Student: 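Okay, handing you the structure first.
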Amino acid sequence: MLNNHQIAQIAADVQTPCWIYDAATIRQQIARLRQFDVIRFAQKSCSNTHLLRLMREQGVLVDSVSLGEIERALAAGYDPKQTEHAPIVFTADLLDRATIKRVVELNIPVNCGSPHMLQQLADANPTHPVWLRINPGFGHGHSRKTNTGGEQSKHGIWHTQLVECLQIIQQSGLQLIGLHMHIGSGVDYGHLQQVCEAMIAQVSIVQDVGLDISAISIGGGLSIPYRADEEDVDTDHYFTLWNAARGRLEKMLNHPLTMEIEPGRFLVAQSGILVSELRAQKQVGNNFFALVDAGFNDLVRPAMYGSFHRISVHQPDGVERVGALRPTVVAGPLCESGDVFTQIEGGEVVSQDLPAAEIGDLVVFHDAGAYGASMSSNYNSRPLIPEVLVDGDVVKQIRRRQTVQELIALEDF
Ligand code: LLP
């Protein structure tokens with residue numbers, strides 16, 4: 001596992017801010033889900049091609065949600081021609097014209113989230129393989145913004161519209177692979193049983209109209225313990241619940257069903273850290289601010305959802321600072337008051353108890369491997385930062401720092 005000395009060495013080599021991922025942690029998380037027939041990585045959580053390659057080498061398949069993510073999967077060596085389980089599935093609620101062309105060209109199954117999307121695909125290729133993503137009418141998430149079920153969510157085919165979609169499939173000749181449900185990010189076992197029942201009810205509608213499926217996808221959403229007092233997901237319990245639902249479905253359909261799981265966060269969150277440098281400290285009224293060289297353009301989760309990331313402070317040689325703790329508000333360099341890593345949903349600034357630090361120390365944000373680098377932006381004309389993958393003793397830079405010249409070059413007319 002990644003150690004403090006490696007962190008300091010990497011920070012010295014590629015400079016801060018930078019992302020560091022630990023390959024062993026990713027492999028360990030994959031191993032915890034091996035009971036599922038197919039693990040399909042939701043690459044939106046972390047889409048570096050080197051990590052996708054690591055996933056592929058582990059037998060993990062991939063979900064893509066944009067043309068860019070399809071090209072990333074191809075670049076990482078996923079071959080859409082392999083047939084047993086499609087290596088790449090495209091999931092969305094709409095299809096733009098360029099993406100229709102590409103999925104048809106490559107015969108990439110499409111997980112459809114609306115009747116229009118289904119019809120447009122049928123018009124382009126009447127026998128295309130499809131999944132149907134169902135919004136069962138309820139959902140949940142760690143934030144309202146990550147709840148993907150219910151009538152406030154744009155995602156999925158509303159459950160009462162399934163019949164209409166099945167008719168499009170019957171009239172066109174589209175090949176139905178299976179039903180998919182992802183009701184949000186953040187597992188809650190109470191909801192889980194409800195999702196299982198909703199899946200069974202929806203599959204029975206498929207059966208009633210005379211169609212069949214060969215697979216179900218139970219989506220992603222498994223959480224990780226961001227805070228010390230949060231419990232880790234009991235993956236055995238999770239599997240047992242879904243496996244029981246699968247058993248009932250197999251009895252109903254009278255044949256075996258493949259069960260896919262589609263995690264993002266669970267596989268990569270704990271593997272990644274964001275390393276920044278402390279550049280200034282100041283007292284602002286009652287708040288003590290520590291200002292670091294990473295901003296919400298790098299890690300947006302606290303600013304966007306009020307998400308918590310554990311923070312540790314290290315001397316430049318990597319040794320972790322300990323000792324008396326002081327309530328500290330950790331903020332970045334952006335020209336915006338919301339550029340604070342310690343805040344709660346709604347934007348209220350809070351503090352984390354951190355040890356006394358000196359300018360030049362490394363400030364590390366933990367559990368940032370999921371929805372960290374993949375949600376970064378160029379706000380304030382700040383270039384994207386490097387990514388480094390550590391695999392035991394092997395340290396490899398897997399993305400270099402973008403340059404300001406590259407940003408400006410896009411406007412070079
Ligand atoms: N499948 C579908 C169809 C999804 O929309 C998502 C996430 C996943 C799988 C993977 O969910 P996960 O296992 O990672 O929870 N940016 C937010 C999370 C947005 C999730 C979007 N969809 C965050 O930083 O928490």
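Values in this document were obtained by computation on a predicted structure and should not be read as measured data. For this chain, numbers begin at 1 and follow the sequence in order.
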Student: Using side-chain heavy atoms (C-beta onward) and a distance below 4.5 Å, is Gln6 in contact with Ile20?
Tutor: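 They are not in side-chain contact.
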Student: Among all residues two or more places apart in sequence or in another chain, which pass the salt bridge (Lys or Arg N to Asp or Glu O under 4.0 Å) test with Asp361?
Tutor: Arg321
Student: Do the non-hydrogen side-chain atoms of Leu33 and Leu222 ever get within less than 4.5 Å of each other?
Tutor: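 When only atoms from C-beta onward are counted, Leu222 and Leu33 do touch, with a gap below 4.5 Å.
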Student: Evaluate the side-chain proximity of Glu151 to Asn135: yes if any heavy-atom separation is below 4.5 Å, no if none is.
Tutor: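 They are not in contact (no side-chain heavy atoms under 4.5 Å apart), so the answer is no.
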Student: Only pairs at least two apart or in different chains count here, so list each salt bridge (charged side-chain N to carboxylate O under 4.0 Å, His left out) that has a residue in residues 249-271.
Tutor: Arg40-Glu260
Student: Is Met375 atom CE crowded by more than 12 heavy atoms from other residues, nucleotides or ligands, each under 6.0 Å away?
Tutor: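 Buried by this count: over 12 neighbours within 6.0 Å.
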Student: With side-chain contact (heavy atoms from CB on, under 4.5 Å) as the test, would you mind laying out the steps for His255 and Asp212 before giving the verdict?
Tutor: CA-CA 10 Å; His255 62 71; Asp212 200 2; 2.8 Å; yes
Student: Under 3.5 Å, is there a donor-acceptor pair linking the side chains of Gln402 and Asn378?
Tutor: yes
Student: Given side-chain contact (heavy atoms from CB on, under 4.5 Å), test Phe266 with Ile261 step by step and report yes or no.
Tutor: CA-CA 11 Å; Phe266 184 81; Ile261 187 163; over 6 Å; no
Student: Working note: Tyr379 + Glu336, criterion side-chain contact (heavy atoms from CB on, under 4.5 Å); need CA distance, chi angles, decisive distance, verdict.
Tutor: CA-CA 10 Å; Tyr379 187 43; Glu336 183 157 334; 2.7 Å; yes
Student: Could you give the distance from CD1 (Ile311) to OG1 (Thr328), rounded to the nearest 0.5 Å?
Tutor: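 Answer rounded to 0.5 Å: 8.5 Å.
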Student: With the side chain counted from C-beta on, respond yes when Leu74 and Arg102 share a heavy-atom pair under 4.5 Å apart, and no when they do not.
Tutor: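 The answer is yes, as the side chains (C-beta and beyond) meet within the 4.5 Å cut-off.
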Student: Does a donor on one side chain sit under 3.5 Å from an acceptor on the other, for Asp93 and His155?
Tutor: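 Yes, a side-chain donor-acceptor pair sits under 3.5 Å.
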Student: Name the one of Asp236, Thr235, Thr240 that satisfies side chain to side chain donor-acceptor pair (under 3.5 Å) with Gln35?
Tutor: Asp236
Student: To the closest 0.5 Å, what do you measure between CG (Asp232) and OG (Ser223)?
Tutor: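 Separation between the atoms: 9.0 Å.
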Student: Measure the spacing between OG of Ser66 and CD of Glu71 and express it to the nearest 0.5 Å.
Tutor: 9.5 Å
Student: Mark yes or no for whether Asn380, through its side chain, and Leu334, through its backbone, hold a donor-acceptor pair below 3.5 Å.
Tutor: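 No, the answer is negative, given that no donor and acceptor are paired below the 3.5 Å cut-off.
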Student: If you round to the nearest 0.5 Å, how far is CZ of Phe41 from OG of Ser64?
Tutor: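 Going from the OG atom of Ser64 to the CZ atom of Phe41 covers 10.5 Å.
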Student: If only atom types and distance count, is the side chain of Thr342 paired as donor or acceptor with the main-chain N or O of Val350 below 3.5 Å?
Tutor: yes
Student: Specify whether His182 and His180 have parallel, tilted or perpendicular ring planes, treating 30° as the upper limit for parallel and 60° as the lower limit for perpendicular.
Tutor: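 Geometry flag for His180 against His182: tilted rings.
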Student: Are Glu345 and Arg144 ion-paired here, with the side-chain N under 4.0 Å from a carboxylate O?
Tutor: no
Student: Please evaluate residues Leu179 and Met199 with respect to the criterion side-chain contact (heavy atoms from CB on, under 4.5 Å), reporting the C-alpha separation (whole Å), side-chain torsions for both, the decisive distance (0.1 Å), and the verdict.
Tutor: CA-CA 8 Å; Leu179 296 193; Met199 178 69 93; 3.9 Å; yes
Student: Under 4.0 Å between a Lys/Arg side-chain N and an Asp/Glu carboxylate O for Glu197 and Arg248?
Tutor: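 Looking at Arg248 together with Glu197, the answer is yes, because their closest N to O distance falls below 4.0 Å.
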Student: Got His128 and Asn107 here, is their nearest side-chain heavy-atom distance under 4.5 Å?
Tutor: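 Yes, at least one pair of side-chain atoms sits under 4.5 Å.
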Student: Any salt bridge between Arg72 and Glu69, counting N to O under 4.0 Å?
Tutor: no
Student: Is it the case that the side chains of His309 and Ser307 hold a donor-acceptor pair, with the cut-off being a distance below 3.5 Å and no angle test?
Tutor: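 No - no donor-acceptor pair under 3.5 Å links their side chains.
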Student: Tell me, do Leu106 and Ile70 make a side-chain contact under 4.5 Å, heavy atoms counted?
Tutor: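 A side-chain contact exists here, since the closest heavy-atom pair is under 4.5 Å.
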Student: Can you list, pair by pair, the side-chain donor-acceptor contacts under 3.5 Å of residues 162-170, counting residues two or more places apart and other chains?
Tutor:
from: Glu164; atom 1: OE1; to: Gln161; atom 2: NE2; distance (Å): 3.3
from: Gln170; atom 1: NE2; to: Val209; atom 2: O; distance (Å): 2.8

Student: At what distance, to the nearest 0.5 angstrom, does CZ of Arg34 lie from CD1 of Ile39?
Tutor: 5.0 Å
Student: Within the 4.5 Å heavy-atom criterion, are Leu121 and Asn125 side-chain neighbours or not?
Tutor: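 They are not in contact (no side-chain heavy atoms under 4.5 Å apart), so the answer is no.
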Student: When you check the gap from the basic side-chain N to the acidic O, do Asp367 and Arg301 get nearer than 4.0 Å?
Tutor: no
Student: Would you call Arg27 and Asp391 a salt bridge, using N to O less than 4.0 angstrom?
Tutor: yes
Student: Without hydrogens or angle criteria, can the side chains of Asp37 and His85 be said to hold a donor-acceptor pair below 3.5 Å?
Tutor: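 Side chains of Asp37 and His85: no pair found under 3.5 Å.
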Student: Do other residues, nucleotides or ligands put more than 12 heavy atoms under 6.0 Å from Lys145 NZ?
Tutor: yes
Student: At what distance, to the nearest 0.5 angstrom, does CZ of Arg400 lie from CD1 of Ile398?
Tutor: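 Spacing of CZ (Arg400) from CD1 (Ile398) equals 14.0 Å.
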Student: Are any non-hydrogen side-chain atoms of Val390 and Ile10 less than 4.5 angstrom apart?
Tutor: yes
Student: Taking the inter-plane angle between the rings of His140 and His191 on a 0 to 90° scale, is it parallel (under 30°), tilted (30 to 60°) or perpendicular (over 60°)?
Tutor: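 Parallel.
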